[in-house]
> 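Take a look at the following structure, please.
In what follows, chains are A, B, ... by sequence order, proteins preceding strands, each numbered from 1. No experiment lies behind these values; they were computed from the predicted model shown.
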Number of protein chains: 2
Amino acid sequence: MATTTAAQRREADRAAYDAFLAACPSRMVLDRISDKWVGLLLAALADGPKRYSELGRRVAGVSPKMLTQTLRGLERDGLVEREVTAAVPVRVDYRLTPLGAGLHRAVLHVKDWAEAHVEEVLAARDRYDSRADTESG
Amino acid sequence: MATTTAAQRREADRAAYDAFLAACPSRMVLDRISDKWVGLLLAALADGPKRYSELGRRVAGVSPKMLTQTLRGLERDGLVEREVTAAVPVRVDYRLTPLGAGLHRAVLHVKDWAEAHVEEVLAARDRYDSRADTESG
DNA sequence: CTGTATCCGTAACGATACTG
DNA sequence: CAGTATCGTTACGGATACAG
């Protein structure tokens, strides 16, 4: 009965592995910041609290659904704080918590690396693509 | 004819915005590391070169397709190097380039933050979920 | 051993309309 | 203003079979 070994082995691995990942802090955070809008939102909130609609304008292109959804996720993780002011038109402000600010700083390191090395990456990309062209021709 | 203003405005914004994002270094890198397997591969390669199948085992659960696809993306960006040894069973090793090692270090900052603050995040999450339960009850 | 090509299911995302 | 609910699409990831 070794005919399904590879597939079943992978499946078994994946089970144990998923459990492991659920407890893996870096994986959890990587998942968070990999959300399409999280990085933008963190940046948008970095220089002070913003209203819901203000955020909608700052990250240009986000739908209400994704804005709310992303904000909720961030709020759940204690990264942003939601403050409701019960005025005539309701007013809601979002702000980074200290925790959220910390994450933002960590992500900033990645951003710094990116800005410092983007040219090298782009150059590598060009080289790779040219090579691919050459080899197919 | 202002009935479609909001939608069309968003669409227009998104066009300009996508162009902007394409040139945004941090966005580009965030997109890279948001690839489900990039983080794991970076970590797997951090302590030295590995063979294709070795990587497959280290990141337990990855399919050949995703392994190759991710490796190719990394190689294209100059983050990993692929070395083929034309032996009887073909042998292929992958290693981090200096560029790739640099990115790994940047991501490590995020990992460090994650490990330092995972408990706070988890606590926040519990609090949020309890609150949600309470409010619906 | 090291991939490549194909098919398929899921889940993320986006657009829209509607509510408090 | 600040969301929520629903629907459609699409792109990502996984399984499988096959090739060099």
> Kindly point out which of C/dT2, D/dG3, D/dC1 is positioned nearest to the side chain of A/Pro89?
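Out of C/dT2, D/dG3, D/dC1, the nucleotide with an atom closest to A/Pro89's side chain is D/dC1.
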> What is the separation between atom CG on B/Leu55 and atom C1' on C/dG3, rounded to the nearest whole Å?
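Rounded to the whole Å, the gap is 13 Å.
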> Please report the distance, rounded to the nearest Å, between CD in B/Glu83 and P in C/dC1.
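Rounded to whole Å, this separation is 19 Å.
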> Measure from the side chain of B/Thr68, starting at C-beta and using heavy atoms only, and say which of D/dT4, D/dC1, C/dT4 lies closest.
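Out of D/dT4, D/dC1, C/dT4, the nucleotide with an atom closest to B/Thr68's side chain is C/dT4.
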> What nucleotide, of C/dG3, D/dG14, C/dC13, holds the atom closest to the side chain of A/Lys36?
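Of the candidates, C/dC13 comes closest.
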> Is it true that A/Asp93 and A/Arg91 make a salt bridge, defined as a side-chain N closer than 4.0 Å to a carboxylate O?
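Between A/Arg91 and A/Asp93 there is a salt bridge, with a charged N closer than 4.0 Å to a carboxylate O.
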> For B/Glu75 and C/dT2, what is the distance between atoms CD and P respectively, to the nearest whole Å?
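Interatomic distance, CD of B/Glu75 to P of C/dT2: 15 Å.
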> Can a side chain N or O of B/Arg51 be found less than 4.0 Å away from OP1 or OP2 on C/dT2?
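For C/dT2, OP1 or OP2 has a side-chain N or O of B/Arg51 closer than 4.0 Å.
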> Which nucleotide, C/dT2, C/dC1, D/dT6, lies nearest any side-chain atom of B/Arg82?
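Closest of the options to the side chain of B/Arg82: C/dT2.
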> Can A/Arg76 and B/Asp129 be counted as an ion pair, charged N to O under 4.0 angstrom?
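Here A/Arg76 pairs with B/Asp129 in a salt bridge, since their nearest N and O are under 4.0 Å apart.
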> Heavy atoms from C-beta onward define the side chain here; which of D/dA2, D/dG14, C/dC13 lies closest to that of A/Met66?
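The answer is C/dC13.
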> If you pin B/Asp35 and A/Glu54 to their nearest nucleotides in DNA chain D, which one's is more 5'?
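Whichever sits nearer the 5' end wins; that is A/Glu54.
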> Output the single nucleotide from D/dA2, C/dT16, D/dG13 whose closest atom is nearest the side chain of A/Pro64.
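Selected nucleotide (nearest to the side chain): C/dT16.
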> Is the shortest side-chain N to carboxylate O distance from A/Asp126 to A/Arg131 below 4.0 Å?
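Result for this pair is no, no salt bridge flagged.
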> To the nearest angstrom, how far is B/Leu41 atom CG from D/dG13 atom P?
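Going from B/Leu41 (CG) to D/dG13 (P), I get 13 Å.
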> Could you please name the option among C/dG14, D/dG14, C/dC1 that lies closest to any side-chain atom of B/Lys65?
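Of all the options, the side chain of B/Lys65 is nearest to D/dG14.
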> Once you round it to whole Å, what is the distance between C1' of C/dA15 and CD of A/Gln69?
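Value for this atom pair: 14 Å.
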> Would you mind reading off the distance between B/Tyr52 atom OH and C/dC1 atom C1', rounded to a whole angstrom?
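After rounding, the reported distance stands at 10 Å.
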> Does A/Arg105 come within less than 4.0 Å of A/Asp112, counting only side-chain N to carboxylate O?
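Looking at A/Asp112 together with A/Arg105, the answer is no, because their closest N to O distance does not fall below 4.0 Å.
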> Over how many whole Å does the gap from B/Leu71 atom CG to C/dC1 atom P extend?
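So the CG-P distance, B/Leu71 to C/dC1, works out to 16 Å.
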> For the CG atom of B/Leu71 and the CG atom of B/Leu45, what is their distance to the nearest 0.5 Å?
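Reported value, rounded in 0.5 Å steps: 7.0 Å.
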> Both A/Ser34 and A/Val90 contact DNA chain C. Which one's nearest nucleotide lies toward the 5' end?
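The 5'-side residue here is A/Ser34.
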> Could you tell me the separation between the CG atom of B/Asp31 and the C1' atom of C/dA12, rounded to a whole number of Å?
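Atom CG in B/Asp31 sits about 14 Å away from atom C1' in C/dA12.
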